[in-house]
2 protein chains.
Amino acid sequence: MQTKNTTSFAILGALASRASSGYDLKKFLEQQIGHFWKISYGQVYPLLKVLAQANLASVKEQTQKGRPPRYLYKITPAGKSELRNWLHSPLDPESPNLDREVMLRLFFGRFSEANMRTRQVEQLKAWAQGRADQHAAAGKALKQQHESNPDLPFWLITASSGTAAAIALADWCDQTLTALKGLK
Amino acid sequence: MQTKNTTSFAILGALASRASSGYDLKKFLEQQIGHFWKISYGQVYPLLKVLAQANLASVKEQTQKGRPPRYLYKITPAGKSELRNWLHSPLDPESPNLDREVMLRLFFGRFSEANMRTRQVEQLKAWAQGRADQHAAAGKALKQQHESNPDLPFWLITASSGTAAAIALADWCDQTLTALKGLK
DNA sequence: AATCACATATATCATATTGATATATTCATC
DNA sequence: GATGAATATATCAATATGATATATGTGATT
């Protein structure tokens, strides 16, 4: 629940495009990036408070007739700066979730430099290809080491899912690189 | 940390093929299914104890010269029965992780019926196609609702990753169905 | 007019998970 | 003989999850 938490950047990024309440944020992020980034109320509300306390976001209470108050959060200049720093920070190729990290950054691509975005997608592509190779090698090793193991065919099937996913990711990187070129 | 925990079935499944210590299990599962199923010592050791207490696994302490004792876990008949029950239990199409669930079941495919395996992969394929359609529809909706929003191109890119992943999953299901036919 | 389901809105909490670390020994390598 | 990796279990603070409580408005159905 610190400021460096990646989910807090997801929130900061969303606030950069539109002031929101916690409820808004959760709904928006769930809908747009829910397929690769999970978000829950248990994260959103505490993180918004942390963000506000660190002066990366400002709060305004909107009293409504009858209803409970709505807290509208806006990103501050310091928050925008923090967001940009994160978007331009180097990727960690050791991260087991580099794909999700790059996708999250791309979602907020409006706030990053075009050449940085491209470089990060290229890095992700290399990472994906490396993974595909690793999974292919693991499959070969399985065949040799468990030649007569009755589990082998099933283990090969799940190994193939890793290869397939990695190749699909590399392909998506290619498409994305083309799409990004069209934006420059 | 209950018996119904899916990770406990992953452990049970691994034990079905070979008696193991917690250390063995973690290393094995991490290597073989780590790309879609995370496992940590914080899960393995407590779950093994739960499994043993529920009589789904038996423990034998192997004292070693100098070294700390090694606890060797074996699956019991009740454990095998529990594993099979899980492997043949109906899939929840609402699950956000149906892909990982089916892959885990397939990894332990040696212990399930061929026609059940096939049916579950077919269900996963239908689920993946549904997801692909949903993401495609979401992309179209984005284009209409945020026509002049400067975020649009980036939001479309991340939406496309959902479609791409879902299509790749459906393709993998097809390959897997073919592979499974070869086993019958 | 009543009822039902759903959307709005914030907040909390028990439970589960993560990721790192402590401990202690053997083995291979430099 | 020193360094690092592998073996092996265990724990724990920090986080995240998923469900639920609370309270009201809105729109649809009966």
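The sequence lines fix the lettering, A, B, ..., with proteins before strands; numbering per chain opens at 1.
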**Message:** If I take atom CD1 in residue A/I11 and atom P in nucleotide D/dT15, what distance separates them, rounded to the nearest angstrom?
**Reply:** 14 Å
**Asked** In whole angstrom, what separates B/R100's CZ from C/dT17's P?
**Response** 11 Å
**Fill in**
residues 87-111 of chain B vs side-chain hydrogen bond (donor to acceptor under 3.5 Å, both in side chains), sequence neighbours excluded, gives A/D151-B/R110, B/S17-B/R110, B/W86-B/E101, B/S89-B/R105, B/E101-B/R105
**Item:** A/E122 atom CD, over 12 foreign heavy atoms within 6.0 Å
**Value:** yes
**Prompt:** Mapping B/Y73 and A/I39 to their closest nucleotides on DNA chain D, which lands nearer the 5' end?
**Reply:** B/Y73
**Prompt:** Are B/V121 and B/M116 joined in one hydrophobic group, where the rule is that I, L, V, M, F, W and Y side chains link up if heavy atoms are under 4.5 Å apart?
**Reply:** no
**Message:** Show, in sequence, the C-alpha distance, side-chain angles and deciding distance for A/W37 and A/T7, and conclude whether the side chain to side chain donor-acceptor pair (under 3.5 Å) test is met.
**Reply:** CA-CA 8 Å; A/W37 206 272; A/T7 294; 3.1 Å; yes
**Complete:** Computed from five pairs at either end and rounded to 10 degrees, the angle between the axes of the helix from C/dA1-D/dT30 to C/dC30-D/dG1 is 30°
**Message:** Any side-chain N or O of B/N5 below 4.0 angstrom from OP1/OP2 of C/dT15?
**Reply:** no
**Prompt:** Is it true that atom CD of A/E147 has more than 12 heavy atoms of other residues, nucleotides or ligands lying nearer than 6.0 Å?
**Reply:** no
**Asked** What nucleotide, of D/dA16, C/dT10, D/dT7, holds the atom closest to the side chain of A/S21?
**Response** C/dT10
**Asked** How close or far is atom C1' of C/dG19 from atom CG of A/N97, stated in whole angstroms?
**Response** 13 Å
**Message:** Does C/dT10 have OP1 or OP2 under 4.0 Å away from a side-chain N or O of A/Y45?
**Reply:** yes
**Prompt:** Rounded to the nearest Å, what distance is computed from the CG atom of residue B/L25 to the P atom of nucleotide D/dA10?
**Reply:** 13 Å
**Whole-Å distance separating the CZ atom of B/R70 from the C1' atom of D/dA10** = 16 Å
**Fill in**
Of D/dA16, C/dT12, C/dT8, the nucleotide closest to the side chain of A/K49 is C/dT12
**Request:** Consider the side chain of B/D24, meaning its heavy atoms from C-beta on, and name the nucleotide among D/dA8, C/dT18, D/dT15 that approaches it most closely.
**Result:** D/dA8
**Asked** When you check the side-chain N and O atoms of A/D24 and A/S21, is any donor under 3.5 Å from an acceptor?
**Response** yes
**Asked** Which whole-number value in Å describes the distance from B/Q43 CD to D/dT11 P?
**Response** 16 Å
**Asked** Nearest-Å distance, CD (A/E30) to C1' (D/dT17)?
**Response** 12 Å
**Shortest side-chain distance from B/Y41, nucleotide among D/dT11, D/dT15, C/dA9** = D/dT11
**Request:** Pick base, sugar-phosphate or nothing for A/S40, based on heavy-atom distances below 4.0 Å to the nucleic acid.
**Result:** base
**Item:** Results of ring-ring contact (aromatic ring centres under 6.0 Å, His included) for A/W172 - residues two or more places apart only
**Value:** none
**Sugar-phosphate only, base, or nothing, as touched by B/Y71 at under 4.0 Å among non-hydrogen atoms** = sugar-phosphate
**Message:** I need the NZ-P distance between B/K26 and C/dT21, as an integer number of Å.
**Reply:** 14 Å
**Item:** Residue A/K38, side-chain atoms from C-beta onward, closest of D/dT17, D/dT9, C/dA9
**Value:** D/dT17
